[in-house]
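As the structure is a computational prediction, the values presented were derived from the model and not from experiment.
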Amino acid sequence: MVEVMIIRPEQEVGMGCCGGICSDRDGLIHMQDEFKHHEEDREALGRLYQETEREYGDLVQITFLDPRNMLAISLYFLKQVKERHLSFVKAGKYILFQMKYNAIFINGKLVENHEAYKRELQAETGG
């Protein structure tokens with residue numbers, strides 16, 4: 001089975017994904033608009049998920065994780081290291097430097113864009 005992890009911000013109550021950086025000019029975050037700047041990315045990832053599900057079905061397991069959920073991210077990479085998909089050092093570099101929105105990992109390896117994702121997934125599944 002091919003394991004895919006996608007870093008995607010989740011909605012929450014409070015300061016939100018940006019810690020207030022993307023608040024309005026008045027310095028307040030208006031909750032109804034708090035995550036609109038991520039909607040386009042979410043829709044693109046949703047389409048990618050649906051295409052993957054349709055084309056590969058049970059051959060691929062996709063996990064969406066919030067970039068703040070470092071425990072789950074670390075566990076994902078430890079599993080990939082254990083299965084020898086990447087080295088412990090490479091996993092550490094990914095955890096420290098690649099946990100950004102919309103980052104996609106296939107069996108622990110960073111994929112640069114959606115086209116590369118499709119190519120890598122095809123190679124990993126043998127299809």
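Rounded to the nearest 0.5 angstrom, R47 CZ and T52 OG1 are separated by 12.5 Å. With rounding to the nearest 0.5 angstrom, the CG atom of L48 is 4.5 Å from the OH atom of Y117. A distance of 12.5 Å separates CZ in R119 from NE2 in H114, rounded to the nearest 0.5 Å. Rounding to the nearest 0.5 Å gives a distance of 9.0 Å between CD1 of I104 and CG of L110. In this structure, the separation between CE on M70 and CD1 on I73 is 5.0 Å, given to the nearest 0.5 Å. For the atom pair NZ (K82) and NZ (K79), the distance works out to 9.0 Å, reported to the nearest 0.5 Å.
Atom CG of N113 has more than 12 heavy atoms from other residues, nucleotides or ligands within 6.0 Å.
Contact of the T63 side chain with the Y76 side chain is not registered, since no non-hydrogen atoms from C-beta on lie closer than 4.5 Å. With contacts defined as side-chain heavy-atom distances shorter than 4.5 Å, the pair I95/S74 qualifies. Taking the side chain as every heavy atom from C-beta outward, E120 and K118 never approach each other to under 4.5 Å. Annotation: side chain of E40 is not in contact with side chain of E43 (no heavy-atom distance under 4.5 Å). Looking only at side-chain heavy atoms (C-beta outward), N102 and I6 stay at 4.5 Å or farther from each other. Considering only heavy atoms from C-beta on, F105 stays 4.5 Å or farther from E3 through its side chain.
Here the side chain of N107 pairs no donor or acceptor atom with the backbone of V2 at under 3.5 angstrom.
Listed by first and then second residue, the salt bridge (charged side-chain N to carboxylate O under 4.0 Å, His left out) pairs involving residues 84-96 amount to none (not counting sequence neighbours).
The shortest heavy-atom contact between D66 and R68 is OD2-NH2, 2.5 Å. Residues A116 and V111 share a closest heavy-atom pair of C-CG1, 3.4 Å. Considering every non-hydrogen atom in both I7 and P67, the closest pair reads CG2-CB, 3.5 Å. In terms of heavy-atom proximity, L65 sits nearest to A72 at CD2-CB, 3.8 Å.
Classification of the F77-Y94 ring pair by plane angle, with boundaries at 30° and 60°, yields tilted.
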